Novice: 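The following block contains the structure, expressed as structure tokens.
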Amino acid sequence: MSDQHPPLYHQVVDFLMHEAALLDDGRFQEWFELLAEDIVYQIPVRTTRDREAGRGFSQQAWHMNETWGTLKTRVARLATKAAWAEDPPTRTRHFVTNIRVRPGDEENEVRVTSNVLVLRHQGDSPSAQFLSGERHDVLRRENGRWWLARRLVLLDQTTLGTHNLAIFI
Amino acid sequence: MPGMDGQSEIERLLDEMERSLEQGLIPARIFNDPEIHRLELEWLFARAWVFVGHETEIPRPGDYCLRYIGQDPFIFVRDEAGSVRVLFNACRHRGVQVCRAERGNASHFRCVYHGWTYTNSGELVGIPAAEEAYRGFDKSAWGLLPAPHVASIHGLVFAALDPQAPPFEEFLGGMKWYLDLLFGLTEEGMEVIGEPHRWILEANWKIAADNFAGDDYHTLYLHKSMWDVNVFQVPARANMMGYHVQAGNGHTISFSMAPDPNEPGPTFWGYPPEIVARFRPDRVTPEQYELARRSRVSVGTIFPNLSFLTVPLTADPDRIPPTTFMTIRQWQPKGPDRMEIWSWALMWEGVSPEFRERSYQACMASFSPSGIFEQDDTVPWPLATRTAGTFFFGRRNEMLNYQMGLSTGTAQPVTDWPGPGVAYSPRYEEGVQRHFYRRWLEYMRAR
């Protein structure tokens, strides 16, 4: 492995680990700068369904269904002095595992599937809130770096066990 | 536990609250007490009319969703004949839930334990090995138990578990007049978009019902960042102009309205002309239509635990104009210090798919688990609940202040209010919350 051209898989892992660190460090503006301007960022609502009815992800209802502009609003609002939901901040820890990289639809894109576990601590509670799910990402190589162009988060919870989604998954 | 006079501590607390409420004082304890919670399930949620779902969530025969009245599980289902049913979700044999998917379509519900099978109207029609095990058994007496009363208004379906419950119209009282102008302006009415959001908050359910009953005051501080990032066009102070209405029977509504009826700001909650064109003035009275026209924001609580909000907001102020949405949300009690929030987005049937989607986006971006408005509410509500559970404050029956507009401030009764109930203006006033708690006390003290 050459330092300048690490294998594709390592580049993807490095991107995802860097991204997770930015989120856990509360560096949301820097995180936002990883996003392609045509990003689609989605977390569908899930319900428990009979096995034959599928996995229960809604086609119409979303916890988040974001564009670059709506994510910009969220990041701008977190930067205000009155974003009480995250001030004091909750402490998140993103664990990203089971990473699989496949060719994308475009030559400069890859499809990346991973598992994500987010632990979230608030205030003086020693108990964590948990969110877990599956990420389906598209990463794009452009201007000498990787960009997040698409993220679909398929959560395991139907009723969210966290007081809000003032965080990004 | 019973005191020397035979009255329990909680009964004394409620007696005392009956008096203190008139001075705008509410004991914090009611927001976090295991006995109050237990009594609420028994005396309030098992007796009042409680929201179950919207008819458009189950459009076809066999469509069903699981719902809760208090903490009791029900199947909200449209039967083969097209009637909406609210059936207790438990097999009559051993009490096992016969439906375990949260939604779907089914002609029958079958218990997994012994296979007793019910139609989607609740009749027991199948028992395995019936000849050997149940010869001579009267199946007709062992159907799924229906909620004793089911009724709807503008597609919103409510049920009452008390056979003695008053008729639904009587329960709604003056609130019907306001629901007509909110939900009844078009021929087709409103429909639910997709599945509701559900999430857990470590807070007492009444704090949320109280907030939506007309706590506009908190928007000035808690939600300040909404104006910092420009998602709402009416300035914060100007938005306090308008009316608080005690509609009767604990139901309340708050209208943001400019003092000048011809003010150029949002009318009809900011709906664009192509949607306003769908509104039919003849479906309501001229007074109702005029209130709808002047409304910038409407928010309120249908006692006990269904709230609504309609307001124009944007998810992306640089690119998307403020877009009106309607959300209804149910504050489900899950314990003295825990609720489950259910939140639905509604839109008028027949609007363009583009507007419908933009409206959903505006709703999700502001009022949902990820909503930047609602995120901030999830901070103080658990903290107030925690205080209510303390010994120093909660157990000593320290009082919380609900005196705004009663002995303080500028709000005055409106003498020429065109609708039912009692109205105050401007919205610096907590009579709406006191109205909610007066009704709550009536249920809790009616033992």
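Since the model is a prediction, treat every value here as computed from it, not as a measurement. Quick note on labels: first sequence line is chain A, next is B, and so on, each numbered from 1.
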Novice: Would you name the heavy atoms of B:Gln375 and A:Leu165 that are closest together and state the gap between them?
Specialist: NE2-O, 3.6 Å
Novice: Side-chain contact, heavy-atom cut-off 4.5 Å: B:Glu374 with A:Asn164?
Specialist: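 Side-chain contact under 4.5 Å: no.
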Novice: In plain terms, say whether B:Arg386 and A:Asp124 are close enough for a salt bridge, that is, a side-chain N and a carboxylate O under 4.0 Å apart.
Specialist: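 A salt bridge links B:Arg386 with A:Asp124.
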Novice: Select, from B:Lys224, B:Arg100, B:Met364, B:Met226, the one with the greatest count of heavy-atom pairs under 4.5 Å involving chain A.
Specialist: B:Met364
Novice: Would you mind reporting whether A:Leu160 and B:Ile200 have side-chain heavy atoms less than 4.5 Å apart?
Specialist: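 SC-SC contact between B:Ile200 and A:Leu160 ruled out.
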Novice: Report yes if the side chains of B:Glu195 and A:Phe57 come closer than 4.5 Å at any heavy-atom pair, otherwise no.
Specialist: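 Side chain of B:Glu195 against side chain of A:Phe57, heavy atoms only: no contact under 4.5 Å found.
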Novice: What heavy-atom pair brings B:Asp316 and A:Gly69 nearest, and what distance separates the two atoms?
Specialist: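 Smallest interatomic distance, heavy atoms only, reads OD2-CA, 3.2 Å.
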Novice: Quick check for you: among B:Pro369, B:Gly104, B:Ala203, B:Pro382, which has the greatest number of heavy-atom pairs under 4.5 Å with chain A?
Specialist: B:Pro369
Novice: Would you say the side chain of B:Arg103 lies within less than 4.5 Å of the side chain of A:Arg49, judging by non-hydrogen atoms?
Specialist: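 Yes. Closest side-chain heavy atoms under 4.5 Å.
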Novice: Verify, without hydrogens or angle tests, whether B:Asp376 (side chain) and A:Ala85 (backbone) share a donor-acceptor contact under 3.5 angstrom.
Specialist: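 Checked: pair present.
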Novice: Measuring only between side-chain heavy atoms, which start at C-beta, is B:Ile372 closer than 4.5 Å to A:Arg74?
Specialist: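 The answer is yes; the side chains approach within 4.5 Å.
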Novice: What is the minimum heavy-atom distance between B:Trp199 and A:Thr162, and which atoms define it?
Specialist: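 So the two residues come closest at CD1-O, 3.6 Å.
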Novice: Quick one: what part of A:Ala53 sits under 4.5 Å from any heavy atom of chain B, side chain, backbone, both or neither?
Specialist: neither
Novice: Does any part of the side chain of A:Thr158, heavy atoms only, come nearer than 4.5 Å to the side chain of B:Glu102, both counted from C-beta?
Specialist: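 SC-SC contact between B:Glu102 and A:Thr158 confirmed.
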Novice: What part of A:Glu86 gets closer than 4.5 Å to chain B, counting heavy atoms only: side chain, backbone, both or neither?
Specialist: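 Interface part for A:Glu86: neither.
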Novice: Look at the side chain of A:Ser58 and the backbone N and O of B:Gly194, then say whether any donor-acceptor pair between them is shorter than 3.5 Å.
Specialist: no
Novice: Could you tell me whether the side chain of B:Tyr360 and the main chain of A:Trp62 form a donor-acceptor pair under 3.5 Å?
Specialist: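 Side chain of B:Tyr360 to backbone of A:Trp62, a donor-acceptor pair under 3.5 Å: yes, one is there.
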Novice: Are any side-chain N or O atoms of B:Ser370 and backbone N or O atoms of A:His63, one a donor and one an acceptor, separated by less than 3.5 Å?
Specialist: yes
Novice: Find out whether B:Arg356 and A:Gln60 are in side-chain contact, i.e. whether some heavy atom of one side chain is under 4.5 Å from a heavy atom of the other.
Specialist: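 A side-chain contact exists here, since the closest heavy-atom pair is under 4.5 Å.
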